[in-house]
Amino acid sequence: MSTQVARTIAAVREAHDSTRTWGGVVGLVPTMGYLHAGHASLVAAARAECDHVTASVFVNPLQFGQADDLATYPRDLERDLGVAEEAGADLVFAPAVEEMYPAGRPFTTVSVAELTAGWEGAVRPGHFDGVATVVAKLFAIAGPSRAYFGEKDYQQLQVVRRMAVDLDLPVDVVACPTVREGDGLALSSRNVHLGPEERRAATVLRRALDAGIAAAAAGERDPAAVDAAMARLVTGEPLAQLDYAAIVRPDTLESPDRIEPGEYRLLIAARVGKPRLIDNAGVLVG
Ligand code: AMP
């Protein structure tokens, strides 16, 4: 069966109601389009676990700041439909901005304040309120039992998880591992803006994460030393400009005073040429 396209909230509700009436499980994969193998892995994970899979393709203006790249964000719905279909989506929900925000900026927004003051939230004020608000709307529109998010955007994943818990939203938030190029660069729609030299330099994010993992695994107890081990690699790359590199608690995203045995997350962000890239990795300290 070929993937259908829904442009309206009513059309999505109708499709999902018909699945739910016989007890079928609806899976939702929210995206901003320009789909790549990372997005496809989310759709494939949903396909394996759900009776009906909808991928949403919506470049959400609410999560872009003034200085952000809303106008230049890459878009190609025809291509997206092909990727979504191949990965097993039943439906692509591609609403116009007016369908999602008929009254312009909504009066009601969702803010997961404790998780969004730092890291990406510090660089992009209001970004996560925009994300949480549109995801809450998509959950209300689609009524999925399961929703799939990439670990690639780790802070976003934690924001969505926490929102679902705090607001008792009846959705299982499923985390999917980051899909990477052969040289370690995390797939991202923004990678198309990298020139050839920048593309080569962009592998420094993954290499820096590996340096952080090695430092933590070797028994380093001082978080600042782990952060510095990551930062050193990025500052050694002339085309990259470090934004932050930090070892944090995986749930609260706080910097620990001291690294004790347990799970941590390494977060990194850097500009490579024009594009600003983010990446992260888990580390288990024994
Ligand atoms: P975006 O279209 O960038 O908003 O991303 C939509 C979803 O795809 C988010 O849950 C992202 O975390 C996820 N995603 C983006 N890139 C990757 C990747 N390289 N691997 C796995 N998931 C990804």
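Counting starts at 1 for both ligands and their atoms, in listed order. The figures here come from the full heavy-atom set of this structure, side chains too, leaving out hydrogens, waters and symmetry mates. Keep in mind that what you see is a predicted model, and the values were worked out from it rather than measured.
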Sequence-distant partners of F64, ring pair (Phe, Tyr, Trp, His ring centres under 6.0 Å), two or more places apart: Y73
Salt bridge present between D243 and R276 (N-O < 4.0 angstrom): yes
Could you pull out every donor-acceptor pair under 3.5 Å between side chains of residues 28-38 and any protein atom, sequence neighbours left out?
residue : atom : partner : partner atom : Å
T31     : OG1  : G33     : N            : 3.0
T31     : OG1  : S56     : O            : 2.7
H36     : ND1  : G38     : N            : 2.9

Criterion salt bridge (Lys or Arg N to Asp or Glu O under 4.0 Å) on R7 and E99, from CA distance to verdict: CA-CA 8 Å; R7 294 289 194 171; E99 179 73 6; over 6 Å; no
Shortest non-hydrogen separation from G273 to R271 and the atoms involved: O-CG, 3.3 Å
Residues forming a side-chain contact (heavy atoms from CB on, under 4.5 Å) with E181, sequence neighbours excluded: D183, L185, L187, R199
Neighbour list for ligand 1 [protein residues, heavy atom under 4.0 Å]: P30, T31, M32, H36, G38, H39, L42, Y73, F149, G150, K152, D153, Q156, P177, T178, V179, L187
